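Below is one structure; the comments refer to it alone.
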Protein chains: 2
Amino acid sequence: MSTPDAPGPRERLLEAAQSLTYSHGMGVGVDALLTAANVARRSLYEHFGGKDGLLTEVLKRATEADESRYAATMDGAGEDPRDRLLAVFDDLEGVIAEPGFRGCRYLAADLALTDPHHPGHAVTRAYRERVSGRLEHELRRLEHPRPALAADQLLLLIDGALAAGATRLKTEPAAAARELAELVIDTRSRP
Amino acid sequence: MSTPDAPGPRERLLEAAQSLTYSHGMGVGVDALLTAANVARRSLYEHFGGKDGLLTEVLKRATEADESRYAATMDGAGEDPRDRLLAVFDDLEGVIAEPGFRGCRYLAADLALTDPHHPGHAVTRAYRERVSGRLEHELRRLEHPRPALAADQLLLLIDGALAAGATRLKTEPAAAARELAELVIDTRSRP
DNA sequence: CACTATATAGACCGGTTGATCTATCGGTCA
DNA sequence: TGACCGATAGATCAACCGGTCTATATAGTG
């Protein structure tokens, strides 16, 4: 007889925080989070120990979601590694075009969390390495001469496109990045 | 008989704010700024009208300094437009290697200033357009087939390199970006 | 000298921060 | 029924926020 939906306070808090920390930065007040999630103050400290714990968990959740998106995007492009890589940049266009787009959530988090020892940094760092690993994996399948460097370059293009998408509305960063991504991917040997 | 140095409170405040807003984000407290600058509280409101005014002026100063750096870097590379453009990416390596490097100040500011109407945004936007204009100017001198798009791509590479430099310590973003910049610059026609 | 502008130190304001607390409500299960 | 547990609302806390204030000190100019 229990309603299958009706997420608990922990879930509501995570969802509200995921949305608010992106739109208003990591500096959002606890009160705003609690109000948006309709959750008691105490529940935050019961479930996450404090604001930092909540923020860290939010980042973890976000990375999982984004990694799933990478996987789905690439799988949706078929088996060819080249198609799978370029699909990421095609998808970027939609990401940037989304209504409330404000750039890369993880870069914003790293810049906002001044304390270098904040646990959130480890989450974002690990995420980037996993994404880089996915890119490198496809490049290896293509027998790219420098898969590690090329993966770094593709990630650089992604970060650059997200930054440009957040700051230079008139440009078309996804298309610009995709064009360069093709050059990176199709490099067969040093010139 | 007046000592030529001994900057006034306004100058001291700007310098302290320029440093602290970069290392600790735009969220630094006014007290921290005043203490670091050794300036009376009132002076801040006399000279800048408030914290927002100070932050905006800090961004303005920073953009002027960075634009001078672009100009000096390019002029130091000689007359050839190709050399002048690549010098920017060579300089990037030094920028990223600086001790307290924390990524692009202006991207961080845009992400931190949640209010879309904050006057700081206009400063950063104008700065990016001027930098893009400098790049495009050199590309035109090279008779690049698509100077505007290529300038966007070079700026995207710069932002990507700065982001990677702040978040992925092991990689060499400046060199990676420079390599791609060469491809952008040397594009003579559509493939 | 006096006048004015500018800088200083620091008290003070209302509001907000993150965090801890008590008390109560509403189920579940024995 | 009654014990228990997660969740709730909300009072309360010290600390800090940006901003205004008064009073005093200093420097330059007439």
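Letters A, B, ... mirror the listed sequences (proteins, then strands); counts begin at 1. Worth saying up front: this structure is predicted, and the values here are computed from it rather than measured. The figures here come from the full heavy-atom set of this structure, side chains too, leaving out hydrogens, waters and symmetry mates.
Residues forming a salt bridge (charged side-chain N to carboxylate O under 4.0 Å, His left out) with B/E143 (at least two apart in sequence, or on another chain): none. With sequence neighbours excluded, the residues forming a salt bridge (charged side-chain N to carboxylate O under 4.0 Å, His left out) with B/D31 are B/R41, listed by chain and number. Legend: residues meeting salt bridge (charged side-chain N to carboxylate O under 4.0 Å, His left out) with A/D91, ordered by chain and number and at least two apart, are A/R69. Taking the salt bridge (charged side-chain N to carboxylate O under 4.0 Å, His left out) definition, one finds that B/E172 meets it with nothing, sequence neighbours left out. The side-chain hydrogen bond (donor to acceptor under 3.5 Å, both in side chains) check on A/R84 picks up A/D75, A/E138, with sequence neighbours excluded. By the ring pair (Phe, Tyr, Trp, His ring centres under 6.0 Å) test, A/Y127 is found to be paired with A/Y106, residues two or more places apart in sequence or in another chain being considered.
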Would you be so kind as to tabulate the donor-acceptor pairs closer than 3.5 Å made by side chains of residues 151-167 of chain B, with sequence neighbours excluded?
residue : atom : partner : partner atom : Å
B/D152  : OD1  : A/R168  : NH1          : 2.9
B/Q153  : NE2  : A/A176  : O            : 3.1
B/T167  : OG1  : B/A163  : O            : 2.9

Residues 48-58 of chain B, side-chain donor-acceptor partners within the protein, below 3.5 Å, at least two apart:
residue : atom : partner : partner atom : Å
B/K51   : NZ   : B/M26   : O            : 3.3
B/K51   : NZ   : B/V28   : O            : 2.9
B/D52   : OD1  : B/H118  : NE2          : 3.2
B/T56   : OG1  : B/D52   : O            : 2.8

I'd like a table of donor-acceptor pairs (distance under 3.5 Å, sequence neighbours excluded) in which one partner is a side-chain atom from residues 107-115 of chain A, with atom names and distances.
residue : atom : partner : partner atom : Å
A/D110  : OD1  : A/H121  : ND1          : 2.7
A/D110  : OD1  : A/T124  : OG1          : 2.9
A/D110  : OD2  : A/T124  : OG1          : 3.0
A/D110  : OD2  : A/R128  : NH1          : 3.1
A/D110  : OD2  : A/R128  : NH2          : 2.6
A/T114  : OG1  : B/H24   : O            : 3.2
A/D115  : OD1  : A/H117  : N            : 2.9

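The environment of CZ in B/R12 is crowded: more than 12 heavy-atom neighbours from other residues, nucleotides or ligands sit within 6.0 Å. Other residues, nucleotides and ligands place no more than 12 heavy atoms under 6.0 Å from the CD atom of B/E93.
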Checklist entry - So what is the 5' to 3' dot-bracket string for DNA chain C, if pairs are Watson-Crick or G-U wobble with both distances under 3.5 Å, crossing pairs use [ ] and | means the partner sits on another strand? => result ||||||||||||||||||||||||||||||

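A heavy atom closer than 4.0 Å to some atom of DNA chain C occurs in B/R12, these being the qualifying members of residues 11-30 of chain B. Contacts between residues 40-49 of chain B and DNA chain C, defined by a heavy-atom separation under 4.0 Å, are made by B/A40, B/R41, B/R42, B/S43, B/H47.
Residue A/D52 is classed as having no contact, given no heavy-atom separation below 4.0 Å to the nucleic acid.
Atom P of nucleotide D/dT20 and atom CG of B/L34 are separated by 13 Å, given to the nearest angstrom. The interatomic distance linking A/L33 (CG) with C/dA19 (P) rounds to 11 Å, in whole Å. Spacing between atom CG of A/L54 and atom P of C/dG18 amounts to 11 Å, rounded to whole angstrom units. Between A/D31 atom CG and C/dG18 atom P there is a gap of 7 Å when expressed in whole angstrom units.
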